[in-house]
Amino acid sequence: MATTASKQGTKIVSKASAGGAGATAAGGGAPIIPLASPLMGKKKKPFLGMPAPLGYVPGLGRGATGFTTRSDIGPARDANDPVDDRHAPPGKRTVGDQMKKNQDDDDEDLNDTNYDEFNGYAGSLFSSGPYEKDDEEADAIYAALDKRMDERRKERRELREKEEIEKYRMERPKIQQQFSDLKRKLAEVSEEEWLSIPEVGDARNKRQRNPRHEKLTPVPDSFFSKHLQSGENHSSVDPLQGLGGLNTPYPGSMTPGLMTPGTGELDMRKIGQARNTLMDMRLSQVSDSVSGQTVVDPKGYLTDLNSMIPTYGGDISDIKKARLLLKSVRETNPHHPPAWIASARLEEVTGKLQVARNLIMKGTEMCPKSEDVWLEAARLQPGDTAKAVVAQAVRHMPQSVRIYIRAAELETDIRAKKRVLRKALENVSKSVRLWKAAVELEEPEDARIMLSRAVECCPTSVELWLALARLETYENARRVLNKARENIPTDRHIWITAAKLEEANGNTQMVEKIIDRAITSLRANGVEINRDQWIQDAEECDKAGSVATCQAVIRAVIGIGIEEEDRKHTWMEDADSCVAHGALECARAIYAHALQVFPSKKSVWLRAAYFEKNHGTRESLEALLQRAVAHCPKAEVLWLMGAKSKWLAGDVPAARSILALAFQANPNSEEIWLAAVKLESENNEYERARRLLAKARSSAPTARVFMKSVKLEWVLGNIEAAQDLCTEALKHYEDFPKLWMMRGQIEEQCENMDKAREAYNQGLKKCPHSVALWLLLSRLEERVGQLTRARAILEKSRLKNPQCAELWLESVRLEYRAGLKNISNTLMAKALQECPNSGILWAEAVFLEARPQRKTKSVDALKKCEHDPHVLLAVAKLFWSERKITKSREWFLRTVKIEPDLGDAWALFYKFELQHGTQEQQEEVRKRCENAEPRHGELWCAESKHVLNWQKKTGEILEQVASKIKNTF
């Protein structure tokens, strides 16, 4: 404030000095003019061309003053004259108001009450004076000083403001901060406590909660009769006396029958009858009687109410605009049918049905040759009126097929429909649509007669020819189809129907000729053979049961339009497409043709064999495999499929003979040796299996042969023989980890923990990247109580095998089993950082979370691993734990569809169906599991590879695994 006072003082001084100079000049003294030299006066004045001094007024020194004319200030105005601005605010609308306002602005308040010793006057003393250059300089200087002083105090001011805000927040905290501690405690509230919280009651008072409805008491009949008899001067009751009972909203209550003519008396008996009739009518509309009680049907009642209000929910102004526009269109072009139709539909939408009917009838007068207008009129009119409209339309347009069809639709009696359609056919005999509609109403014999006439009138309609052929006998049908081919030589359906006709009558040898002749004839008539269309026709023949026709069509068109190098790939795709569409015979025909063209292709034989396995019979599969091994004797998998098919059918000698033939074609084949061993061991021929394995070890010694030899002795209980074989095998194949695993597990079974540990350690020296060996050693140490050593083994394994999800998962489970849940959560977080796309880790992470957070974690897991079967299985278990049975079943189905080889998914699904499914659903899961023959899964392998379960079938293992699953989640 001090700076402001000094600033004002500076302005005062500058103004005073300026005023003093002016006063001297104007006070009558001569102005001071600098003396010029004589030379300057002769040539040029010194001030010419120079800018005038600041504040110079010409002629002011000699007393000259300017003048103002009327044109400068405008005409004189009275104080009460209005100003030029028509929208001026109150207080400024007259010339006097404006002058008074300007005078108030010019006057400065220099009263003592407005003066302060420190600040001076509240306003500027010289605001009315001119703002000169020195004033601007002074303001700039003081502004710079103010800014500098403000910067020096800025930090202290901001700190003080921050402290004040914090103090204010502490004294007056927000509602959100006041309840933050209580909100944190909500995390500890259990589901039962949450559900036991009472509902908020109704805080309104009793009168607001229970409003009393207005009571209406009907006027008794005695009241009317009393007032009628009270006087003879009037024959009606005064409305003011309460004759409200007769002014009911029901129609018919004021009918003339209620008043006795000539007397003015009311017939009370008729009033009672009318009232009862109305009540019965209302109740019959909205209710029905059930066991003596009247039950209102709310759905029907609401539907009835909805029918009373217009369905259009738009803006009224939009409707009015549309009406206006359509009216303009109708008036501009009254013979434009769409304008009338649109106008009628607008009124229909807004609920004005009668206006719509009137408009459309006006439209039929203006556009009598428009089909659409007549059909719209028939649609809007009720039944009998609609028939009259259609009859009028027929008179104006006797050749319109759509109007005849509409006329037939309006008839409810079949005979009347036939009569309308026959009348239509007399006028429009070339219409296929009318013929089809008429034939559909006839009996087969009459339909045949009509179709014979129809094909004469419409000889180019394929549908009519084919329909006639279906109704005729075999010989007549052949003649009909021959005539159809003559009339329509470019349609393939006639040829295919002829082939189906021959097949249906047992002439299968003619089918191939007809299809070949069809291709030739169509090409001769310039028709392009579209391969996809023909295959589609073949699929339709397959579904109709015409197998020979279907196969003939496939053979005829399968090679059309395909490059030679693309044949195999395209045909396999065609076969898959036919299987997907359910046309199995088409797919079989495609495979048969492909095998004729590519008899030595192992992949085609395999695809055909898998097709027969999934969709054919055992006999067809075995016949195909016999042909397959004849053409591809080196394909071991084909031999093995044939042997397995015989074995599953119980024909063990045939399976042995197939394997013997396979030995001849593939000597020393490991797969065939092991298949022969499995065949003998599964059929309890253990000595033959031992001899086969001994021969295999001598002639084709491989690691798998040795492993199967050890396994056979182990499962049969010959532990010493198994150990000797294992030692011998490890001399030859010390880098085969399964042998080390078997050696350790045999020692564990014999309770020799030290020897088992030694076997695992030796195996890990030879096979440091075998995850299963690390897991077995870790579990061994955990079983004997050496938790720290198990933890160290797993850490070492993770160093040797980085980014291995199985090892991380075992580490997490180890800590969880030890009761260290915090450490297991920390390890899981590290594991997910190292293996962010591992499904087994995400599946485990879901159930490590507390129950409320599991759903969120499952969403994260699905984002990272959308199609991982372990994650899908975890989601299914999550829904199961929440008792969402339908959703859980959907996710189980999705899991087994994506990965049918995951045994754990099948076991959990079976357990789920045992608890929540029907007997049929349980059998369905079991059957699908047996067909899939799963081989993987943690729980599944623990049971299926156990030595005691070596001879159990898939269904038995499924039940065993499901029985050991506990709902720990």
>> Once side-chain contact (heavy atoms from CB on, under 4.5 Å) is applied, do any residues pair with Ala589, and if so which ones, sequence neighbours excluded?
In response: Gln551, Ile554

>> Among residues at least two apart in sequence or on other chains, which ones pass side-chain contact (heavy atoms from CB on, under 4.5 Å) with Ser546?
In response: Lys500, Glu503, Cys541, Thr549

Compare every heavy atom of [Y] with every heavy atom of [X], then report the nearest pair and how far apart it is.
X	Y	value
Gln381	Val389	CG-CG2, 4.0 Å
Arg330	Ser343	NH1-OG, 2.7 Å
Ala377	Thr364	CB-CG2, 4.0 Å
Arg406	Arg379	NH2-CA, 3.9 Å
Leu380	Ala356	CD1-O, 4.1 Å
Leu326	Ala339	CD2-O, 4.3 Å

> Does the pair Ser577 and Glu573 meet the rule for a side-chain contact (heavy atoms from CB on, under 4.5 Å), with working shown?
Replying inline: CA-CA 6 Å; Ser577 173; Glu573 284 186 351; over 6 Å; no

> Who pairs with Ser400 by side chain to side chain donor-acceptor pair (under 3.5 Å), at least two apart in sequence or on another chain?
Replying inline: Glu371

Quick check: does any side chain N or O of [X] sit under 3.5 Å from a backbone N or O of [Y], one acting as donor and the other as acceptor?
X	Y	result
His867	Ile898	no
Thr332	Ser328	yes
Thr570	Asp566	yes
Trp340	Cys367	no
Thr497	His493	yes

For the [atom1] atom of [X] and the [atom2] atom of [Y], what is their distance to the nearest 0.5 Å?
X	Y	atom1	atom2	result
Leu522	Glu528	CG	CD	12.0 Å
Ile514	Ile519	CD1	CD1	13.0 Å
Ile535	Asp542	CD1	CG	12.5 Å
Ile885	Phe879	CD1	CZ	11.5 Å
Leu353	Asn358	CG	CG	9.5 Å
Thr490	Asn525	OG1	CG	7.0 Å

>> Please determine whether side-chain contact (heavy atoms from CB on, under 4.5 Å) holds for the pair Ile560 and Asn530, giving the CA-CA distance in whole Å, both sets of side-chain angles, and the decisive distance to 0.1 Å.
In response: CA-CA 8 Å; Ile560 294 175; Asn530 189 323; over 6 Å; no

>> Suppose we screen for salt bridge (Lys or Arg N to Asp or Glu O under 4.0 Å). Which residues come up paired with Asp372, at least two apart in sequence or across chains?
In response: Arg402

> Going by heavy atoms in the side chains, are Leu872 and Leu862 under 4.5 Å from each other?
Replying inline: yes

>> With heavy-atom distances below 4.5 Å as the criterion, would you say the side chains of Arg531 and Ile562 are in contact?
In response: yes

>> Please list all pairs meeting ring pair (Phe, Tyr, Trp, His ring centres under 6.0 Å) that have one or both residues in residues 526-546, counting only residues at least two apart or in different chains.
In response: none

>> Please list all pairs meeting ring pair (Phe, Tyr, Trp, His ring centres under 6.0 Å) that have one or both residues in residues 348-379, counting only residues at least two apart or in different chains.
In response: Trp374-His396

>> A quick test of your reading: do over 12 heavy atoms of other residues, nucleotides or ligands sit less than 6.0 Å from NZ of Lys543?
In response: yes

> Quick one: which of Lys352, Arg357, Gln354, Arg323 gives a side-chain hydrogen bond (donor to acceptor under 3.5 Å, both in side chains) with Glu347?
Replying inline: Arg323

>> Working note: Leu584 + Cys578, criterion side-chain contact (heavy atoms from CB on, under 4.5 Å); need CA distance, chi angles, decisive distance, verdict.
In response: CA-CA 7 Å; Leu584 301 181; Cys578 291; over 6 Å; no

> With a distance cut-off below 6.0 Å to the six-membered ring centre and an angular limit of 45° from the axis, does Arg492 pair with Trp495 as a cation-pi contact?
Replying inline: no

